[in-house]
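Order of the sequence lines sets the chain letters (A, B, ...), proteins ahead of strands, with each chain counted from 1. What you see below is based on every heavy atom in this structure, not just the backbone, and it leaves out hydrogens, waters and symmetry mates.
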Amino acid sequence: MPKLRLRAAAPAALLAVALLALSACGFTEYPNSTFNHTTDFNTSIDNIFQTLVFWGTIVFVVVEVALIVTIIKFRKRPGGPEAKQIHGNAALEITWTAIPAIILVLIAVPSARTIFETQKPAPAGALKVQVIGHQWWWEFRYPELGIVTANEVYVPVGRTVSFELTTKDVLHSFWIPQMGGKRDLITNKTNYLWFTPSDTLETMAWNGFCTEYCGASHANMRIRLYTVQPAEFEAWARHQARDAVFNPAAAPAVPVVPAAAGAPPAAADTAAGWMYPAEKLPAHVVPQTPIPAGLAYDDALLAGGDAARGAQQGFLMGGCIGCHAVRGVPGAVSNIGPDLTHIASRHTIAGGLYRNDGPTLARWIKNARHMKPGSIMYTIGRGEYDPILKTTQQAGLDDRQIADVVAYLMALK
Amino acid sequence: MTAQTAAAHAQGHAHGHDAHDAHEHHHYTTTGLDNRKVAVWTFIGSECMLFASLISTYLIYKGKSVIGPFPHTEWTDPAGKVYKAILDIPVTSASTFVLLMSSFAMVLALQAVQLKGKPLAPTAGWWERLQRSSQFWLLATALLGTVFLGFQSYEFTSFVHEGLTIKTNLFGSTFFTLTGFHGAHVTVGVLWLMSLLWIDRSRGLAGKNDELLVDICALYWHFVDVVWIAIFTLIYLIK
Amino acid sequence: MATIAAPTHAGTAAASENTGIWSWISTVDHKRIGTMYLWTALFFFLVGGLEATLIRTQLMRPNMGFVSAETYNQLFTMHGTTMVFLAVMPLSAAFFNYLIPLQIGARDVAFPRLNAFSYWVYLLGGIFITVPILFQIAPDGGWFGYAPLTTTQFSAGPNIDFWVIGLQILGVSSLAAAFNFITTIINMRAPGMTLMRLPMFTWMSFVVQFLLVLAFPPITVALVFLLFDRFFGTTFYAIAAGADPLLWQHLFWVFGHPEVYILILPAFGLVSEVLPTFSKKPLFGYNVMVYSGIMIGFLGFGVWAHHMFAVGMGAIADSIFSTMTMLIAIPTGVKIFNWIATMWAGEIRFTVPMKFAIALIAMFTIGGISGVMHSSAPADLQQTDTYFVVAHFHYVLFGGSIMGIFAGIYHYYPKMTGRFMHEGLGNVHFWLNLIGMNLTFFPMHFSGLLGMPRRVYQYDAGQGWDTFNLMSTYGTYLLVVATAVFAWNFIRSRSTGAVAGNDPWGAATLEWSIPSPPPEYNFAQIPEVTSRYPLWDLKDPAKTAGIEHSHADAMTITDAHAVPVHEETERHTARELGIPMPFPTAKPLFTAVGMVVMFSGLTFLRYDMFAVAMTVTIGGAAMLIGGLYAWLTAPLE
Amino acid sequence: MSHDSHAGAHAAHAEHHHPTGNQYAVIALILTVITVVEVWAYYIPALVASPMFNPALIVMSAAKFAIVVLFYMHLKFDSRLFRVIFTGSLIVAMCTIVALLFLFHKLSL
Ligand code: HEA
Ligand code: HEA
Ligand code: CUA
Ligand SMILES: [Cu+2]
């Protein structure tokens, strides 16, 4: 009976595939694998998971083998034995109640232990990072270090990092598969999640995701996490804590917005701090999202962009400060959009959806909503169609002005 | 067996469906219980979960409102205006009592229908005689229910005057929804009672089927009452 | 009584008095209502499957632009909602309607008109919630519609309005049906049909009705809150008022988890009919099968928060819900093993329904095991909201519910139509289905554990998910072919299938003692049952010699004028037999329309069309009340 | 065809034990007394402050609840089936309330 043999082979083959794939989760092939031991957190989870896979496989094999043997052995054959009229068997039934019960105890006990272990308060001395969810980007704050950034988060290896999770709007969920389990960001509630990246980890970049459906661009709400050596972290943090390195108030262009009373203009310090080197970025953290068709921008304009003019006429006057903060720039304190103080020191923009480079920034400013469904940042390019307001932007910036703004943003190292 | 004989055979067993009236209790049921009564009890079981969800919500949100007015405590708004604790225990105690008494009237209404046709001793006093009046007790139940609804609308309007609407805060939303759901149940009950009363006046309620009509209405009515017993304690009395 | 040639379709037409369109609109016959449920639900299954096909096409490769983000979000929301509420639940309801009265030896359900009402409400509610997708304004909050995303602050459009109101409408249908079937099973059983003799499908349905009765109120309440928030400005889920979004989640899952057992237990019941029939053996451990079903239902109310392990409930709550969840594996395992034991030492005939039933055992086990993997809270932190969950629930839903329902359809098709479905096409359907589902859903275990979140309309290249997604999509295309084969077979066999007699499979229960399709009155004489396997008692007494029988003279119930179980092969009209039948009536439909109109009036409220809203709502309410009045005052039969 | 011929007709047999009108009146009196005690307690600050206040109120209202259900709804005298349906649902409902209150930190273990 060839049909039967096929039936029998299917589950067995599936199982084989399963085991093979589980044991072969190489990093390069599967850069977001959950079977990792990079932190204390995911180590304890993976231990539990291995227990589950072990017992799961046994149950699977027992059931499927029993099933297949039964249907082969007792298929109706001419001249075969007649069906035995058995109505039940208490001993057997007790057995197959008891054995699963025992297996479940073997699963439940370590599960409960791990629950309590991983939900303890973070150890003292942990690095505190506030994670604030926004539709559809991440705000990261290091309250002890005075850093505010977006979508990309740096943590030193060997030190516990304790995330404090809140949200500005709907629910989100914070997840970096390679570091451990996820935790939701709940409105009107603060959640906690902590782990310690192993001190043997190299300087490395990891992907993270929003894993609670949060509306149109839920898919586009991604995270980059960089595990870096303590010294690198120091260097990064020192620079990030500074005010903007390019300050339009100090630039020689047209005098506009008066500086805050009494505050001395910040020194123009264009020295770039440390950031995760672009050339060492693994391929999978570099966004590949294509720019949607129909969003034209002449990249040649970018070469002529003037940062100072971009700051004054584009950034300050163009309405950007209505939503974005740039520390050290008076008036630019809004929290609706990501903090742009050190935007040029990030590799990605827009919730990790796009690379952070001139051409992309220009298109983003021109029509963010065309590039990211639902985006709160409205369409700014003059004459561009805003897909949410369903109007064409009449005021806004023309392509040359956008080039200036891009130049300014690129100067915000 | 031909069609005719089969028909005759079946007819022999078709236990006297003479008039084909709507008296469904003539139908065979496995348990001997009437279908409608079984359905009503399952419905009541379902209602337990409905009110459990509403009551849980009220309790979960208790004390979570960011602005007043509050149920048991005073509240001063940012402008300095003082709102007193909003629940009015004396009034609600009275309405609770009214609803309890309506249950009493309801059970007597059912008894009155059940006693129809049973001889009344000539020595019977006014209380025995009154107990035989299904119309009196149905009317009493409906009236007491209406009085309860009157209390509730008084309560709702005075809350609104004091600055608490269903939109004001979590307390307002949960309170009005919970008590409003209950009030809606009472309203349905009153309408149900009135229609029974109407039947009683037009053709008189008597017999097994009519007893059942009153019985299922009574079950519903008492259930609405016990829900209020829980609400009164959990929402009004416990601080 | 000689066995005569099975009646053909022509015979049916002659026997039943009326087959025009009006006879369907006004029908209160549980079999016709069951048939309508079946057709409607199969249609919605195609709609849900089409949505799934579009979803899978979009996910075939990274960064695909087949549909927009907004459309995709509507697609998966409606796919989940459609499959759960408009396909699988009503497919189960089709069997409740068709089979329960037949299996317990009754002439109809307890409340035939309420039954019609349930169907019409379902149909109208289904249309109400489905049509918006044609205009790209379909619900887009996910099938569990988490607040505050679904409040007007974040979903200002009409999309969620359709969902809130639509689910509310569908809830009415399910609740009404549940009261009806509980009463039917308690009260309409033939003499001798004690609870412990109920066929297993009826038993599992009985449990399901209680789950419905207790699980729908919490979601009704949660939806009322959302409805009030959206239409009347209350603050249940309003962030600024200090609302706690976990309220929605808890109320939803208090419903949602029992709901998944609502989806699976009828399928369990169906295969419990199929397996013994084609093994020529009684169900192994009947009592234990009953108790485990009850246990599953009961425990199902105590595990809901396992959908919320990532919300930070605290270690104690996580541990309790973890453990409670694992407990459910025990009664479910008992079922699996008892089914295997049922086949053990049998004479297994590999008919199409049997194949589907066996596939259920094989596939559901996989889904169950991944369920247990979720139930461990720490492990679930890596799995929740990834494709691993999607894999889990499609193994239990497709590999469980849908496989069971297909088993049921192939098994009962001859009873419903008098003809077999084509065996060859059935086999093609089966194998394509089995291979297709594994190709679709097995890779999702990997894409999930390798980091792919669910509900994403696009994913980036190079994440290690490309191959798995491609496999899933190809698998889906196989399922499309499989489904098309099924649809063809289902439609064609009504007129071309081989003619089936009363009892084409040699089954044990009462529904097989009457003609196929059954006459409108079901049983010319109510059968008096003396054991769990009445038809085997009759045809093959040796088979049931081992179990206890009650004897006719020991029975005290004689009201129904029952006669010993026998085969009825002749077909008459109810009038010829003098059996009173309920009058056909369209009042339930009228009432249902009123209710749906009343609800839909609400949608205008958010556009400052107060007058329109009030007019529609009051008009609908008037229709509802008028319909109800007419209905309640008209005699049933 | 009389009702009493039904084997399972507990209802029919039970009807003889139904309370009488006077008994119903006594029950109404008990209900009133409990309500009065509840409201009275609400106005005694010392009682309200006591840790037994809430439990006592809950016990009292549970008693009223039970009395109405058992006597006015005849559950005590009616078919066992109704008792099973009602208490079963009530238990699920109560457990749900308690579990929800625990999950929202309104009760602690
Ligand atoms: C038919 C529907 C159905 C069924 C029957 C089940 C059955 C089970 N489900 Fe599933 N589940 C869903 C439908 C279903 N589920 C859906 C739709 C979701 C997702 C909702 C959403 O988010 O959209 C979900 C999600 C879901 C989650 C949440 C995941 C998450 O979002 O993070 C969890 C967590 O515990 C879970 C667990 C279980 C368990 C333990 C069972 C158990 O009942 C399984 C028991 C069965 C077995 C275990 C197999 C047989 C047993 C044996 C052979 C005995 C021996 C076995 C052992 C000792 C292990 N399910
Ligand atoms: C019983 C329930 C059920 C069933 C049967 C299915 C069946 C299928 N589901 Fe299901 N699915 C859910 C319930 C179900 N699903 C739920 C609850 C969700 C969660 C939603 C949410 O997150 O909110 C989900 C989510 C979900 C996702 C995740 C979406 C996301 O997270 O982004 C995916 C992705 O592949 C998917 C795929 C499929 C596929 C390929 C099938 C296939 O098995 C479908 C097979 C059927 C067909 C292939 C029919 C084809 C027929 C035609 C195409 C003909 C059409 C003709 C006419 C209409 C006339 N489903
Ligand atoms: Cu944020 Cu999904
Ligand atoms: Cu669940």
**OP:** Check the pair F181(B), V221(C) against side chain to side chain contact (heavy atoms under 4.5 Å, CB included), reporting the backbone distance first and the verdict last.
**Re:** CA-CA 10 Å; F181(B) 252 81; V221(C) 166; 5.8 Å; no

Original post:
Taking it one step at a time, do S46(B) and L175(C) satisfy side chain to side chain contact (heavy atoms under 4.5 Å, CB included)?
Top reply: CA-CA 9 Å; S46(B) 181; L175(C) 277 173; 3.9 Å; yes

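- Here the closest non-hydrogen pair linking T235(C) and L170(B) is O-CD2, 3.1 Å.
- The distance from atom OG1 of T30(B) to atom CE of M188(C), rounded to the nearest 0.5 Å, is 8.0 Å.
- For F176(B), no part sits under 4.5 Å from any heavy atom of chain C, backbone or side chain.
- Both the backbone and the side chain of F43(B) come within contact range of chain C, judged by heavy atoms closer than 4.5 Å.
- Counting non-hydrogen atoms of other residues, nucleotides and ligands closer than 6.0 Å to NZ of K167(B) gives a total of 12 or fewer.
- The most heavy-atom pairs under 4.5 Å with chain B, out of I186(C), V224(C), I182(C), come from I186(C).
- Of the inter-residue distances, the one linking F236(C) atom CZ with T177(B) atom OG1 reads 3.0 Å to the nearest 0.5 angstrom.
- In this structure, S195(B) OG and Y629(C) OH are separated by 9.5 Å, a value rounded to the nearest 0.5 Å.
- Heavy-atom distances place the backbone of A240(C), and not its side chain, under 4.5 Å from chain B.
- Here the closest heavy-atom approach between residue T31(B) and residue R189(C) is recorded as CG2-NH2, 4.0 Å.
- For a residue to count as touching a neighbouring chain, one of its non-hydrogen atoms must lie under 4.5 Å from one of that chain's; by this rule I166(B) touches chain C with backbone and side chain alike.
- Contacts between L251(C) and chain B at a heavy-atom distance below 4.5 Å involve the side chain alone, from C-beta outward.
- More than 12 heavy atoms of other residues, nucleotides or ligands shown are found within 6.0 angstrom of OH on Y220(B).
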**OP:** Under the side chain to side chain contact (heavy atoms under 4.5 Å, CB included) rule, what do I60(B) and D244(C) come out as? Steps first, then yes or no, please.
**Re:** CA-CA 9 Å; I60(B) 285 165; D244(C) 188 339; 5.6 Å; no

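- Closest non-hydrogen pair, N35(B) versus A110(C), comes out as ND2-CB, 3.7 Å.
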**OP:** Starting from the C-alpha separation in whole Å, work towards a yes-or-no answer on side chain to side chain contact (heavy atoms under 4.5 Å, CB included) for F216(C) and M49(B).
**Re:** CA-CA 8 Å; F216(C) 264 75; M49(B) 277 302 272; over 6 Å; no

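- Proximity to chain B is limited to the side chain of F210(C), based on heavy atoms less than 4.5 angstrom apart.
- For A190(C), the part lying near chain B is the backbone, with the side chain staying farther off; criterion is any non-hydrogen pair under 4.5 Å.
- Note that OG of S173(B) and CZ of F232(C) are 12.5 Å apart. Values are rounded to the nearest 0.5 Å.
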